Amino acid sequence: MIQTIRGTRDILPADIPLWQRVEEAAREAFRRYGYSEIRTPIIEKTELFTRGVGEATDIVHKEMYTFTDRNEESITLRPEATASVVRAYIQHRLYANRAPGEVTKLYYIGPMFRRERPQAGRYRQFYQIGGEVIGASDDPMIEAEVIEMLDWFLISLGIEDSQLLVNSVGDSHERGPYLEKLRESIAAVLDRLCNDCRHRYETNALRVFDCKFENCQEIIAGLPTITDAIGAESRAHFEQFKSHLDARCIAYTVNPRMVRGLDYYSRTAFEIIGGHLGAQNTLVGGGRYDGLAETIGGPPTKGFGFAFGLDRMVMSMPEAEAARVRERARPDVFLVHLGEAARNHAAFIARKLRAAGLAAGMDFTDRKMKKAMALASESGARFALIIGDNEIAAGVYALKNLETGEQQSLDVEAIIEKLKR
RNA sequence: GCGGGUAUAGCUCAGUCGGUUAGAGCGCUUGACUGUGGAUCAAGAGGUCGUGGGUUCAAAUCCCACUACUCGCCCCA
């Protein structure tokens, strides 16, 4: 039979409450911190990403889903959304009529596409939630506020074992000379490094710092770090950022070797790691991208943003929180009717319960009571409401608590009162 | 792009040295039980053994190819 294509999957009803819970927590965080939602197309001109994200990045040169449209135009399924959001910001001049230093806070939720080999916590179609603070200001307090919001968000989902890593990767003027210097230093020790590191030397020298081999690590320790290479201004910016984190009592680790895979990052970069997904332990990634807008043809604009993987966030949700979410998703009541007359009456009662805001289910088939009760139980409902000829005549119905087995006869008003929560 | 593992019932998995009718548990259906779910017992339904080829008297089992899934590497959310 025809199945989902590699790296894509169906999110089935049983898991949907967990996804909705993460989305709801994120929306609440964005609401509190003053972000507005933006929805951009899933397809964009390929050029947006090759220029925005960077030709040399893995994402662009080996992971994009790129197609030629009928008019010979090259289009790409978005591998990330920051470039799209900045494009929209410029295209619609969202910066018009802004006071000096005022920023625009935007967030998005949606699928992204990268043609990678799937594994735990990694899919070809995956879902990201991200936020961007765009405008004329690069105040480090903006960055600290973003981290603060993420901190609140993670804790509200019960994710408490995550770790914040921060670094300054310097601005575009500082990074070039540094990279040159770094490559020179690596070249001197290249013959002692592992194969992967030699490859990284060719493609993305900063990545050498991530090597897991002890041998390499010893050699790497002697290499110059970006932190030592950045100028006074970037350094002061980073210091301010850290002091704003301190003021918020947010713990962090400075990792001078942390780099990010997208070309547009400048100065502050951060990562939140955690979860139990093996190699895919990055929950949130983000940073500053002051040059991005100009790269894609816009006016000089500052920006700071982040994204996290919804898939990974759902998988990282602690079992206690997941259990709470599932409990909340249960229907309130399932109607069990006995006979054709009772079926019509049950539909009538169900309508009343639903009008009162309750989640009420019923089976349409005429079944033996035993089977009907089993269906009520399987539906996950907290209560069963039994409706037979006796009940219809008396105007009171048997409401059974499916957990305790306790049962009482109540009229519709009393039932609504009891089921409300 | 590179490496390892796996593929048998709806689900989780057994299946010996290649051997005749491919099993278990859970789930499902029915009954014990005629207005009360979960427990117990009994019976029943359910299989192109991933696909294609090969070896053999005989293949779920051995060999080859392919596909899918999965775990790593690279990289990232």
Side-chain angles (χ1 to χ4, degrees), chain A residues 1-9 14 22 53 56-63 78-82 109-130 194-200 202-204 206-208 210-213 258-262 271-275 277-286 305-316 334 336-339 342 363 367-392 397-407:
Chain A
M1 65 156 291
I2 299 169
Q3 299 189 341
T4 50
I5 62 181
R6 178 191 281 267
T8 69
R9 57 179 181 155
V22 175
V53 177
T57 59
D58 273 17
I59 289 179
V60 168
H61 93 257
K62 68 176 202 188
E63 294 172 5
R78 63 182 186 194
E80 60 106 48
T82 299
I109 298 181
M112 308 295 158
F113 304 83
R114 292 183 200 170
R115 201 179 185 292
E116 296 181 271
R117 190 84 172 260
Q119 56 188 275
R122 170 188 295 170
Y123 304 93
R124 287 184 171 184
Q125 174 173 340
F126 62 104
Y127 297 81
Q128 276 191 338
I129 296 182
C194 69
N195 282 339
D196 275 346
C197 283
R198 288 176 202 177
H199 178 70
R200 292 180 182 117
E202 299 292 340
T203 55
N204 186 350
L206 283 169
R207 282 278 161 202
V208 169
D210 284 347
C211 191
K212 294 176 178 67
F213 289 110
M258 183 191 70
V259 290
R260 305 216 42 79
L262 288 68
E271 202 168 289
I272 298 175
I273 61 173
L277 295 169
Q280 278 64 246
N281 66 350
T282 305
L283 288 177
V284 189
F306 68 90
F308 62 82
L310 195 39
D311 312 64
R312 287 183 191 177
M313 211 56 82
V314 167
M315 288 186 276
S316 302
F334 192 93
V336 169
H337 64 272
L338 302 163
D363 176 52
R367 296 181 198 276
K368 289 183 181 172
M369 185 173 189
K370 194 171 177 60
K371 181 60 189 171
M373 285 299 290
L375 288 180
S377 192
E378 280 157 25
S379 79
R382 296 148 61 218
F383 289 85
L385 186 64
I386 299 159
I387 300 172
D389 295 341
N390 301 343
E391 282 77 8
I392 295 170
Y397 311 91
L399 185 67
K400 180 171 185 173
N401 183 319
L402 289 170
E403 260 146 51
T404 63
E406 174 186 6
Q407 184 171 321

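Side chains included, hydrogens not; waters and symmetry mates left out as well; all remaining heavy atoms used. Letters A, B, ... mirror the listed sequences (proteins, then strands); counts begin at 1. What you see is a predicted model; the values in this text were computed from it and never measured.
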Base rG3(B) to side chain Arg117(A), donor-acceptor N/O within 3.5 Å cut-off
yes
With a 3.5 Å cut-off and heavy atoms only, can you find an N or O donor on one side and an acceptor on the other between the side chain of Glu116(A) and the base of rA77(B)?
yes
Under the salt bridge (charged side-chain N to carboxylate O under 4.0 Å, His left out) test, residues paired with [X] that sit two or more places apart:
X	result
Glu271(A)	Arg260(A)
Arg6(A)	none
Arg124(A)	none
Arg117(A)	none

Can you tell me how far [atom1] in [N] sits from the matching atom in [M], rounded to whole Å?
N	M	atom1	result
rG23(B)	rU67(B)	P	34 Å
rC49(B)	rU21(B)	C1'	15 Å
rU8(B)	rG50(B)	P	6 Å
rG72(B)	rC63(B)	P	27 Å
rA60(B)	rG47(B)	C1'	11 Å
rA22(B)	rU48(B)	C1'	14 Å
rG27(B)	rA39(B)	P	7 Å
rA59(B)	rU16(B)	P	16 Å

Counting any heavy atom closer than 4.0 Å, what does [X] reach on the DNA or RNA strands: base, sugar-phosphate only, or nothing?
X	result
Val284(A)	sugar-phosphate
Ala376(A)	nothing
Gly130(A)	nothing

In whole Å, what is the span from the [atom1] atom of [X] to the [atom2] atom of [N]?
X	N	atom1	atom2	answer
Arg114(A)	rA77(B)	CZ	C1'	6 Å
Asp363(A)	rG37(B)	CG	P	16 Å
Arg312(A)	rA77(B)	CZ	C1'	4 Å
Ile109(A)	rA77(B)	CD1	P	18 Å
Tyr123(A)	rC75(B)	OH	C1'	17 Å
Lys62(A)	rG1(B)	NZ	C1'	6 Å
Gln128(A)	rA77(B)	CD	C1'	5 Å
Arg124(A)	rA77(B)	CZ	P	18 Å

Upstream residue (5' side of RNA chain B) when Glu63(A) and Arg115(A) are each assigned their closest nucleotide:
Arg115(A)
Find every protein N or O atom lying less than 3.5 Å from an N or O atom of nucleotides 45-52 of chain B, and list the pairs.
none

Residues in side chain to side chain contact (heavy atoms under 4.5 Å, CB included) with [X], at least two apart?
X	result
Glu378(A)	Ala374(A), Leu375(A)
Glu63(A)	Asp58(A), Ile59(A), Arg114(A), Glu116(A)
Ala376(A)	Phe334(A), Val336(A), Ala384(A), Leu402(A)
Thr8(A)	Thr4(A), Ile5(A), Gln125(A)

Let's see if you can work this out: which of rG37(B), rC71(B), rG1(B) has an atom nearest to the side-chain heavy atoms of Ala374(A)?
rG37(B)
Can you figure out which of rG37(B), rC71(B), rC69(B) approaches the side chain of Ser377(A) most closely?
rG37(B)
When rounded to the nearest 0.5 Å, the distance separating CG of Leu399(A) from CG of Leu385(A) is 5.5 Å
So how far is it from Phe113(A) CZ to Arg115(A) CZ, rounded to the nearest 0.5 Å?
14.0 Å
Are Val53(A) and Thr82(A) close enough, and set up right, to give a side-chain contact (heavy atoms from CB on, under 4.5 Å), and what steps lead you there?
CA-CA 9 Å; Val53(A) 177; Thr82(A) 299; over 6 Å; no
Gln119(A) vs rC71(B): side-chain N/O to OP1/OP2 distance below 4.0 Å
no
Sugar-phosphate atoms are those with a prime plus P, OP1 and OP2; base atoms are the rest. Using that split, label each nucleotide of nucleotides 25-36 of chain B B, S or - for protein heavy atoms under 4.0 Å, 5' to 3'.
---SS-S-B-BB
Taking Watson-Crick and G-U wobble contacts under 3.5 angstrom, with | marking pairs to another strand and [ ] crossing pairs, the secondary structure of RNA chain B is written (((((((..((((.....[...)))).(((((.......))))).....(((((..]....))))))))))))....
Backbone N or O of Ala372(A) within a donor-acceptor pair of the Arg367(A) side chain at under 3.5 Å?
no
Within the side chain of Asp311(A), is there an N or O that forms a donor-acceptor pair under 3.5 Å with the backbone of Arg122(A)?
no
Would you check if Phe126(A) stacks with the base of rA77(B), given a 5.5 Å centroid limit and a 30° plane limit, both strict?
yes
Taking ring pair (Phe, Tyr, Trp, His ring centres under 6.0 Å) as the definition, give me every residue that meets it alongside Phe308(A), ordered by chain and number, with sequence neighbours left out.
Phe153(A)
